[in-house]
Amino acid sequence: MTREVVSPDQTYSIILPGTWAVIPLQDEAAMTKRIVAMVKKQVGGGDRAARLRRQTRDEFVKTAKQARDAGATSFALSLELMPGIPFPAAMLSTTETWPVLASAELSPADRLRAALPGAVLLDQQSGPVARESESAQQRVGSEKVPSLRVVYWIPRPHADDLLRITISAPMVESPELFTELFDAIVDSITWKADSV
């Protein structure tokens, strides 16, 4: 099961595998409404789950507002990788200016190398993409669980800036495998012709 999602500014689309909740950031009422519906579907509507629903809703609303306030243009939450297989992950997109070190006279690949010397350079269908990733231990309650954070820097065609996609996934046991999955998601980006 996959879903094509068009960016809020209509400049690109991306294919998301599994079940994702795309949270609108520009309209706070729509943001809250989408989160309430998502939490009710995932947690259930019974009285016993009321406290968990409220806590989960409040946490997601807080996270969405933080993403918006940090300049995010899109925010999506992964719920399931496949039906019945939960997979918590968050994906944020922002538009960033090129760092000063990345001269506009360089090719996009060389410009990425200059701007992000420690990143892995990928050759994807949309062109060169820089990837930075880190695995860490994250505290969930009283336990420590592995987590993965991957940041992609993608030159936007017909603009002198970058699309930055950050994917965070707690509880990832196989970072290499999930990095490949995230690479494939980013490789699915298709730039819209009407953004020219």
Side-chain angles (χ1 to χ4, degrees), residues 1-28 30-31 33-35 38 60 63-82 87-99 101-104 106-116 119-134 148-169 178-196:
M1 176 175 165
T2 61
R3 175 179 173 201
E4 180 178 18
V5 176
V6 178
S7 65
D9 64 1
Q10 304 290 307
T11 58
Y12 68 92
S13 65
I14 188 168
I15 305 293
L16 299 176
T19 305
W20 290 72
V22 178
I23 309 299
L25 296 175
Q26 289 67 34
D27 178 344
E28 196 161 322
M31 172 199 304
K33 183 178 179 180
R34 177 68 181 107
I35 289 171
M38 176 194 70
F60 282 147
T63 302
K65 286 179 180 178
Q66 288 172 338
R68 179 198 61 209
D69 294 346
T73 55
S74 69
F75 178 49
L77 297 167
S78 170
L79 306 173
E80 294 179 317
L81 195 53
M82 295 190 320
F87 180 64
M91 182 173 71
L92 288 172
S93 300
T94 58
T95 301
E96 306 285 342
T97 58
W98 280 95
L101 298 174
S103 168
L106 298 172
S107 71
D110 289 337
R111 207 170 178 192
L112 285 170
R113 281 188 197 95
L116 303 155
V120 173
L121 195 64
L122 306 171
D123 184 22
Q124 295 198 322
Q125 71 170 351
S126 65
V129 173
R131 179 188 70 212
E132 298 174 305
S133 62
E134 66 177 335
L148 176 64
R149 182 173 180 266
V150 186
V151 180
Y152 296 91
W153 301 86
I154 307 148
R156 293 194 330 150
H158 317 297
D160 192 31
D161 56 19
L162 298 161
L163 174 64
R164 177 182 172 186
I165 295 180
T166 303
I167 304 175
S168 301
F178 284 99
T179 298
E180 286 182 30
L181 171 66
F182 300 151
D183 286 356
I185 290 172
V186 171
D187 195 28
S188 76
I189 288 176
T190 302
W191 298 100
K192 299 295 184 183
D194 60 357
S195 66
V196 176

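The two residues Arg149 and Ser168 come nearest to each other via the heavy atoms CG-OG, 4.0 Å. Closest approach of Trp191 to Ser126, counting heavy atoms only: NE1-CB, 3.5 Å. The nearest pair of heavy atoms linking Leu121 to Ala109 is CD2-CB, 3.9 Å. Pairing each heavy atom of Ala119 with each of Ala130, the nearest pair is CB-CB, 4.0 Å. In this structure, Trp20 and Arg3 approach most closely via the heavy-atom pair O-NH1, 3.1 Å. Between Ala64 and Ile23, the shortest heavy-atom contact is CB-CG2, 4.2 Å.
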When you look at Leu112 and Trp98, which way does the side-chain contact (heavy atoms from CB on, under 4.5 Å) test go after all the steps? CA-CA 9 Å; Leu112 285 170; Trp98 280 95; 3.8 Å; yes

After noting the C-alpha distance and the side-chain angles of Thr63 and Phe75, does the key distance pass the side-chain contact (heavy atoms from CB on, under 4.5 Å) rule? CA-CA 10 Å; Thr63 302; Phe75 178 49; 3.7 Å; yes

Carefully, step by step, assess Val186 and Arg131 under the rule side-chain contact (heavy atoms from CB on, under 4.5 Å). CA-CA 10 Å; Val186 171; Arg131 179 188 70 212; over 6 Å; no

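Ile189 contributes atom CD1, which lies 10.5 Å from atom CD1 of Ile15 (distance to the nearest 0.5 angstrom). For the atom pair CG of Asp9 and CD of Gln26, the computed distance is 9.0 Å after rounding to the nearest 0.5 Å. In this structure, the separation between CD1 on Ile14 and OG on Ser7 is 9.5 Å, given to the nearest 0.5 Å. Here the OG1-CD distance, from Thr19 to Glu80, works out to 4.5 Å after rounding to the nearest 0.5 Å. Here Leu163 contributes atom CG and Arg156 contributes atom CZ; the two are 7.0 Å apart, rounded to the nearest 0.5 Å. Note that the CG atom of Leu77 and the CG atom of Leu92 stand 9.0 Å from one another [nearest 0.5 Å].
Looking at Glu96 and Trp153, their side chains never bring a donor and an acceptor atom within 3.5 Å of each other.
Counting heavy atoms from C-beta on, the side chains of Tyr12 and Ser74 come closer than 4.5 Å. Using a 4.5 Å cut-off on side-chain heavy atoms (C-beta onward), Lys192 and Thr11 make no contact. The shortest side-chain heavy-atom distance between Leu79 and Met38 falls under the 4.5 Å cut-off. Using a 4.5 Å cut-off on side-chain heavy atoms (C-beta onward), Thr190 and Glu4 make no contact. Leu106 has its side chain out of reach of Arg113: every pair of non-hydrogen atoms, C-beta onward, lies at least 4.5 Å apart. Residues Leu181 and Pro17 have side chains in contact (heavy-atom distance under 4.5 Å, counting atoms from C-beta outward).
Using a 30° and 60° split on the angle between ring planes, Phe87 and Phe182 fall in the tilted class, from 30° to 60°.
Listed for the Gln124 side chain is a donor-acceptor partner under 3.5 Å among the backbone atoms of Asp183. A donor-acceptor pair is defined here as one N or O able to donate and one able to accept, closer than 3.5 Å; such a pair exists between the side chain of Thr73 and the backbone of Ser93. One N or O on the side chain of Asp187 and one on the backbone of Gln125 form a donor-acceptor pair closer than 3.5 Å. Here the side chain of Arg34 pairs no donor or acceptor atom with the backbone of Ala21 at under 3.5 angstrom.
Salt-bridge formation is not detected for the pair Lys33/Asp27: no Lys NZ or Arg NE/NH1/NH2 atom is positioned less than 4.0 Å from an Asp or Glu carboxylate oxygen.
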